[in-house]
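Every heavy atom of this structure was used, including side-chain atoms; hydrogens, water molecules and symmetry mates were not.
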Amino acid sequence: MPTSQDMTTHLEPGLLDALQHQVALFARRAEQTRLGGVGQVRNSMDRAAYLLLNRLDREGPMGVKALAAGMGIDSSTVTRQVAPLVDTGLVKRTSHPEDGRAVVLQLSPRGQARLEEVRSSRRELMAQVTDGWTESERESFCSLLTRFNTALSARQAGMSPMDQGAAGLPSINAQNPSAMS
């Protein structure tokens, strides 16, 4: 099995250094942007809340275990992250229709409205940041960023990106970025 050193020897170190630096800057600026946003609504929803609400919106009601599995985190983390969303009325806890003992999490109307406010603010921000880009450039950037996120997710799961496809895991594409959490 090749070592990390073996895998990078054929790659340009300067390019890899530039890439890791740009990713670090991107992460910092993305967090600053989340806090600074556009308009009154701004982007002021923490990342965990946004990803949970987005998944519930796109995939519908589900249990904690299913939500955790889909996001690649453990159930206790989801339970901890969902608690304030339930407390603020953004998520509803309901009984499973077939097994009344099981809990199902569902986006509330208030959660749907708040999620749409944040999405709208973030769409406006993306439009401003990519002003002057062609549609093709936006699509290419989204495609490459999606590919990068997929590779990071696969690596975290202990798979190479090739293994992920071979394992039949869902492909993440620019049309369904919410699949990546």
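- Within the 4.5 Å cutoff, no side-chain heavy atoms of Gln106 are placed close to those of Val91.
- Every residue two or more places apart in sequence or in another chain that forms a side-chain hydrogen bond (donor to acceptor under 3.5 Å, both in side chains) with Arg138 is listed here: Thr130.
- Judged by the 6.0 Å and 45° rule, Arg122 forms a cation-pi pair with Tyr50.
- Counting heavy atoms from C-beta outward, Thr77 and Met71 have side chains that stay 4.5 Å or more apart.
- Looking at residues two or more places apart in sequence or on another chain, you find a side-chain contact (heavy atoms from CB on, under 4.5 Å) between Ser76 and Asp74.
- For Ser140, the side-chain contact (heavy atoms from CB on, under 4.5 Å) partners two or more places apart in sequence, or in a different chain, are Ser136.
- Judged as a ring-ring contact (aromatic ring centres under 6.0 Å, His included), and not counting sequence neighbours, the contacts of Phe141 are Trp133.
- Between Val78 and Lys65 the shortest side-chain heavy-atom distance does not fall below 4.5 Å.
- Atom CZ of Arg114 is separated from atom CG of Leu107 by 12.5 Å, given to the nearest 0.5 angstrom.
- Atom NZ of residue Lys92 and atom CG of residue Leu105 lie 11.5 Å apart, to the nearest 0.5 angstrom.
- Put simply, the side chain of Gln112 reaches to within 4.5 Å of the side chain of Asp57, judged on heavy atoms.
- If you take OG on Ser108 and CG on Leu115, they are separated by 10.5 Å, rounding to the nearest 0.5 Å.
- Under the side-chain contact (heavy atoms from CB on, under 4.5 Å) criterion, Ala113 pairs with no residue, sequence neighbours left out.
- Every residue meeting the side-chain contact (heavy atoms from CB on, under 4.5 Å) condition with Leu19, not counting sequence neighbours, appears here in chain and number order: Val23.
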Item to check | Check against side chain to side chain contact (heavy atoms under 4.5 Å, CB included), Asn54 and Arg119 | outcome: CA-CA 9 Å; Asn54 197 52; Arg119 281 180 179 158; 2.4 Å; yes
Item to check | Derivation of the side chain to side chain contact (heavy atoms under 4.5 Å, CB included) call for Leu67 and Glu59 | outcome: CA-CA 10 Å; Leu67 190 54; Glu59 297 182 22; over 6 Å; no
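- You'll find the side chain of Val64 stays beyond 4.5 Å of the side chain of Val103, heavy atoms only.
- Residues passing the side-chain hydrogen bond (donor to acceptor under 3.5 Å, both in side chains) test with Glu116 are Arg123, sequence neighbours excluded.
- Other residues sharing the hydrophobic cluster of Val104, ordered by chain and number and joined by side-chain separations under 4.5 Å: none, the residue standing alone.
- Sorted pairs that involve residues 14-26 and meet side chain to side chain donor-acceptor pair (under 3.5 Å), not counting sequence neighbours, are lacking altogether.
- Thr150 places a side-chain N or O within 3.5 Å of a backbone atom of Thr146 that can act as its donor or acceptor partner.
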Determine all donor-acceptor pairs shorter than 3.5 Å in which one atom belongs to a side chain in residues 82-90; sequence neighbours excluded.
| from | atom 1 | to | atom 2 | distance (Å) |
| --- | --- | --- | --- | --- |
| Thr88 | OG1 | Pro84 | O | 2.9 |
| Thr88 | OG1 | Leu85 | O | 3.4 |

